[in-house]
Amino acid sequence: MHASLTRHRNCVSRRGAMTQPITNIFATVLERVHAAGHTLIASGVLPAAADRSRVVVEPPRDPSHGDMATNAAMVLAKDAGRKPRELAELLAGELRGDPLVAKVDVAGPGFINLTLKPEAWASALVSAILSGPDYGRSHIGSGQSVNVEYVSANPTGPLHVGHTRGAVFGDALANLLAFTGFAVTREYYINDAGAQVEVLARSAFLRYREALGEDIGPIPEGLYPGDYLKPVGEALAAEFARGLLDMPEPQWLPIVRGKAVAMMMEAIRADLAALNIKHDVFFSERSLLGDGTQSDQVGQTIAELRREGHVYEGRLPPPKGAPVEDWEDREQTLFRATEFGDDIDRPLKKSDGGYTYFASDIAYHKSKFDRGFRDMIDVWGADHGGYVKRMNAAVKAISDGKAALDVKIIQLVRLLRAGEPVKMSKRAGDFITLRDVVDEVGRDPVRFMMLYRKNDASLDFDLAKVIEQSRDNPVFYVQYGHARGHSVFRNAREVVQLPDDWSQRARRLSDAELARLDDAAELALMRKLAQFPRVVEAAALSHEPHRIAFFLYELASDFHAQWTRGNNSPHLRFIIQDDPNITLARLALVAGVVNVLAVGLSLLGVDAPLEMR
RNA sequence: GGCCCCGUAGCUCAGUGGAUUAGAGCAGCAGCCUUCUAAGCUGUUGGUCGCAGGUUCGAGUCCUGCCGGGGUCGCCA
């Protein structure tokens, strides 16, 4: 729906904001608070060196405290050498003259509670309409590069339902960061080295023999039994005929492995595409190991760390508690992770001489660093939680403390159907795939519900509930809010003529008499819309996309409630037959709601339907 | 046993990075409503924020210890 919208420039950097719509009213008021602080600096009340970084403006929990509250006086009291309430009165005096502000109160330990003039909220609403798809966009990322690595599932089979949550989370987080001014790279680390892909190759080789007509019988223990490897066998048979059969394993294995990994990655990309997920970079672990012409980056990284004293040959104490059967005390190559906050030093080489997965992963993160990323986010499954400390330690070591890594651990998804757990046989090869779930309930419920919980809390996903058309189902509830807004526009045609083009319609509505939006619930909706930009920023900076999902649910709830009030009290309806002016004003409010829902849903990667029939 | 995550209303969960009197949905209770698209609405009951200390003018939020649940624990990834 926004394809026809013209880009509306963010006006934050311009002077004279009163004539421009206010894009982020909280940021605007924070500026006013800072300005008041400057005035007090000029008059000698505050020292110029006062630390103002902790000053915040936020909506108070209790609406009776006004529209916004700032902690400025409490934070600055120490530097000023005055009591918080005394300083608050001085700041309040400055703020009382502000054209945006209707009322200033000092309360509690020194809060400054602000009530804004209706025009301020009207201005925020105009911005929410006119900015279109850019409403809430910010430059807080300052173009800084950030690498978001997610999914990174082993290329040994299709993605299963356990991968889905991390995939959606990473994608939505990347959307958010891009929207807030970061230069985002979406990356997938392919674990195409190591024992797992050798097992894959042997499994595929069996399917190759099968494709050539051989009866292979049951798949032996330890190999991948899934049918999804049959096409790999067939492709190998088509390409090489019987040519691989006479080769010794060391010769055919790399060939089969290459083919199998390539085909698995193709399948994984297709699965991700079903969720509208696209990575910018697929990074091969094998490419780090030095295949013929390439250099051994893992070895180089270890050597470099050794020169810096972070790697040594030594022994580890055996694990405490749970006994390890075949524990063998031996000298090995160790990364001094304890120097960077880990609990124990970590092995870099296996007893067979190969690198551990961790060693490759260090080199991989070194590659990210060398490619210019100072900001890295890894999205991992819950079973990798024990790995976080060592990776953080490694990133500190390879970047000399100059890079920041945030590992997001995604907790388990419990798959239910009408409240009953979906049974997944432990038998290998029998699991519910990402594709199964998307095919059954559709992309939007999957994406939305995977984000409707904090990443570090486990999540119940009910296949029956997520396609229900009821208030119990947040996906439907939010999407229907958007559809209902458009429905109001369609029904308004009898009363007011509006252009079909969204951009022209937005301009028309932004000229409405917004002062007529004086119902308490209407004002509350306007304030809610005004919060969206700060919610977006907070979600991006804290790497918590679920905040958007919750916000949209609240907004939809407020909107539906207002619609229902109109049902019961005709004078509160959005469309008033004999009063085009108030209809226009209320349609402006609807447009704000519709736009925020559309922008928010697009950040989550969920469609915003125009109607739901 | 070590480490990580979680513990907030009967249930499922938020809680804006320490702030004014802790919130929502569902369930319960009391009224009302039957549609500008199919979500009913309003009011209300219900909480020692797992427990105990500590830091702070101020803690659900930070620190320590304990209890309970889950995950994980060289040479899998």
Side-chain angles (χ1 to χ4, degrees), chain A residues 26 54 56 58-62 64-65 69 71 74-75 77 83-84 107-111 113 152-154 156 189 191 193-197 199 285 316-322 324 326-328 330 332 334 342-347 349-354 356-358 360-361 381-389 409 411-412 452-454 456-458 460 469-474 476-477 480-481 483-484 486-488 490-492 494-495 531 534-535 537-539 541-542 546-547 550-551 553-554 556-557 559-561 563-568 570 573-577 611-613:
Chain A
F26 290 90
R54 289 167 57 221
V56 295
E58 52 191 18
R61 284 184 185 151
D62 187 337
S64 73
H65 295 145
N71 62 354
M74 291 179 284
V75 172
K83 289 177 186 165
F111 283 99
N113 292 333
S152 298
N154 288 346
T156 54
Y189 184 49
N191 301 129
Q196 305 270 347
V197 283
V199 173
E285 177 186 5
L316 284 179
K320 289 167 187 162
V324 178
D326 56 347
W327 176 262
E328 173 202 355
R330 66 180 180 88
Q332 51 186 340
L334 296 168
D342 200 358
D343 310 304
I344 198 164
D345 292 340
R346 303 292 179 176
K349 284 193 180 173
K350 302 190 283 194
S351 52
D352 68 1
T356 59
Y357 178 78
F358 180 50
S360 309
D361 222 356
D383 52 340
H384 289 62
Y387 200 78
V388 174
K389 277 192 183 180
I409 294 295
Q411 282 298 331
L412 302 175
Y452 199 62
R453 194 110 305 173
K454 251 186 319 198
D456 46 14
S458 63
D460 290 349
Q469 297 205 339
S470 77
R471 181 173 191 153
D472 291 344
N473 177 8
F476 169 78
Y477 199 63
Y480 182 49
R484 174 169 269 171
H486 279 278
S487 163
V488 172
R490 287 191 289 271
N491 284 302
E494 301 163 21
V495 181
Q531 282 184 39
R534 70 189 295 278
V535 171
E537 275 189 2
L541 294 177
S542 61
H546 76 276
R547 295 188 188 204
F550 277 95
F551 178 85
Y553 182 83
E554 289 167 14
S557 174
F559 178 58
H560 287 308
W563 191 92
T564 306
R565 269 179 221 116
N567 251 345
N568 302 333
R573 295 189 171 197
F574 297 119
I575 301 166
I576 303 294
Q577 296 295 334
E611 57 181 348
M612 297 175 82
R613 285 188 186 275

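Worth saying up front: this structure is predicted, and the values here are computed from it rather than measured. Within every chain, numbering begins at 1; the chains are lettered A, B, ... in the order of the sequence lines, protein sequences first and strands thereafter.
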Item to check | His560(A) NE2 to rA38(B) C1', straight-line distance once rounded to whole Å | outcome: 11 Å

Checklist entry - Hey, what do you get for NE2 (His486(A)) to CE (Met612(A)), rounding to the nearest 0.5 Å? => result 12.5 Å

Checklist entry - Do the side-chain N or O atoms of Arg484(A) get closer than 4.0 angstrom to the phosphate oxygens (OP1, OP2) of rC36(B)? => result no

Item to check | Closest to side chain of Tyr477(A), choosing from rG17(B), rG74(B), rA39(B) | outcome: rA39(B)

Checklist entry - If only side-chain N and O atoms of Arg565(A) are considered, is one of them under 4.0 Å from the OP1 or OP2 phosphate oxygen of rU42(B)? => result yes

Next on the checklist: Measure CH2/Trp563(A) against C1'/rC41(B) and give the value in whole Å, please.
Outcome noted: 12 Å

Item to check | Touch class at under 4.0 angstrom, heavy-atom based, for Ser542(A) against every strand present | outcome: base

Checklist entry - Expressed in angstrom and rounded to an integer, what is the separation of Asp343(A) atom CG from rG1(B) atom P? => result 17 Å

Checklist entry - Is rA14(B) paired to anything, Watson-Crick or G-U wobble with both distances less than 3.5 Å, and if yes, which nucleotide? => result none

Checklist outcome for this item: Separation between NZ (Lys350(A)) and CZ (Phe358(A)), nearest 0.5 Å, reads 15.0 Å

Checklist entry - Counting side-chain heavy atoms from C-beta on, which of rC36(B), rG15(B), rA39(B) comes nearest to Arg573(A)? => result rC36(B)

Checklist entry - Closer than 4.0 Å, any side-chain N/O of Ser487(A) to the OP1 or OP2 of rU37(B)? => result yes

Next on the checklist: Taking pairing as Watson-Crick or G-U wobble with both contacts under 3.5 Å, can you name the mate of rC76(B), or confirm there isn't one?
Outcome noted: none

Checklist entry - Looking across every strand, which nucleic acid part, if any, lies under 4.0 Å from Leu316(A) by heavy atom: base, sugar-phosphate, or nothing? => result nothing

Item to check | Selected nucleotide, minimal atom distance to Arg453(A) side chain, candidates rC13(B), rC36(B), rA39(B) | outcome: rC13(B)

Checklist entry - Considering heavy-atom distances to RNA chain B, does Asn71(A) or Arg490(A) have its closest nucleotide positioned more toward the 5' end? => result Asn71(A)

Item to check | Integer-rounded Å distance: rA24(B) P and Gln531(A) CD | outcome: 15 Å

Checklist outcome for this item: Ranking rC3(B), rC6(B), rU37(B) by distance to the side chain of Asp456(A), first place goes to rC6(B)

Checklist entry - What does Glu611(A) touch in the nucleic acid at a heavy-atom separation under 4.0 angstrom: a base, only the sugar-phosphate, or nothing? => result base

Checklist entry - Rounding to the closest angstrom, what is the interatomic distance between rC3(B) and rC57(B) at atom P? => result 31 Å

Checklist entry - rG31(B) pairs with which nucleotide, Watson-Crick or G-U wobble, both distances below 3.5 Å? => result rC41(B)

Checklist entry - Atom OH of Tyr452(A) to atom P of rA24(B): distance rounded to whole Å? => result 13 Å

Checklist entry - Looking for any heavy atom pair under 4.0 Å, which part of the strands does Ala153(A) touch: base, sugar-phosphate only, or nothing? => result nothing

Next on the checklist: Is there a side-chain contact between Lys389(A) and the phosphate of rC3(B), meaning an N or O under 4.0 Å from OP1 or OP2?
Outcome noted: no

Next on the checklist: Working to the nearest 0.5 angstrom, can you tell me the gap between Ile409(A) CD1 and Asp456(A) CG?
Outcome noted: 9.5 Å

Checklist entry - Is any side-chain nitrogen or oxygen of Lys454(A) closer than 4.0 Å to OP1 or OP2 of rG15(B)? => result yes

Item to check | 5′-ward residue of the pair Phe358(A)/Ile409(A) relative to RNA chain B | outcome: Ile409(A)

Next on the checklist: Below 30° counts as parallel, above 60° as perpendicular, anything between as tilted: where do the rings of Phe550(A) and Tyr452(A) land?
Outcome noted: parallel

Next on the checklist: Categorize Ala483(A) for me: base, sugar-phosphate, or nothing, with a 4.0 angstrom heavy-atom threshold over every strand shown.
Outcome noted: base

Checklist entry - Using a cut-off of 4.0 Å on non-hydrogen atoms, how would the nucleic acid contact of Glu328(A) be classed: base, sugar-phosphate, or nothing? => result base

Item to check | Pairwise C1' distance for rC49(B) and rC32(B), with rounding to whole Å | outcome: 35 Å

Checklist entry - When we call it a touch if two heavy atoms are under 4.0 Å apart, what does His384(A) touch: a base, just sugar-phosphate, or nothing? => result base

Next on the checklist: Over all strands shown, is Gly194(A) touching base, sugar-phosphate only, or nothing at heavy-atom distances under 4.0 angstrom?
Outcome noted: sugar-phosphate

Next on the checklist: Classify Phe550(A) by what it touches in the nucleic acid, base, sugar-phosphate, or nothing, heavy-atom distance under 4.0 Å.
Outcome noted: sugar-phosphate

Checklist entry - Does one side chain, of Thr156(A) or Gln196(A), offer a donor that lies under 3.5 Å from an acceptor on the other? => result no

Next on the checklist: Counting only Watson-Crick pairs (N1-N3 plus N6-O4 or O6-N4) and G-U wobbles (N1-O2, O6-N3), all under 3.5 Å, who is the partner of rU21(B)?
Outcome noted: none

Checklist entry - Looking just at side-chain N and O atoms, do Tyr189(A) and Asp361(A) make a donor-acceptor pair shorter than 3.5 Å? => result no

Checklist entry - In the strands shown, is rG53(B) matched to any nucleotide by a Watson-Crick or G-U wobble pair with both distances under 3.5 Å, and which? => result rC63(B)

Next on the checklist: For a quick check of understanding: with a heavy-atom distance under 4.0 Å over all strands, which category does Gln469(A) fall into, base, sugar-phosphate or nothing?
Outcome noted: base

Checklist entry - Across all strands shown, which nucleotide pairs with rG47(B) by Watson-Crick or G-U wobble geometry, both distances under 3.5 Å? => result none

Next on the checklist: Can you tell me how the ring of His560(A) sits relative to the ring of Tyr480(A), calling it parallel under 30°, perpendicular over 60° and tilted otherwise?
Outcome noted: parallel

Checklist entry - What does Asn154(A) touch in the nucleic acid at a heavy-atom separation under 4.0 angstrom: a base, only the sugar-phosphate, or nothing? => result sugar-phosphate

Next on the checklist: What contact category does Asp342(A) fall into here, base, sugar-phosphate, or nothing, at under 4.0 angstrom with non-hydrogen atoms?
Outcome noted: nothing

Checklist entry - At under 4.0 Å between heavy atoms, what does Ala107(A) touch on the DNA or RNA strands: base, sugar-phosphate, or nothing? => result base

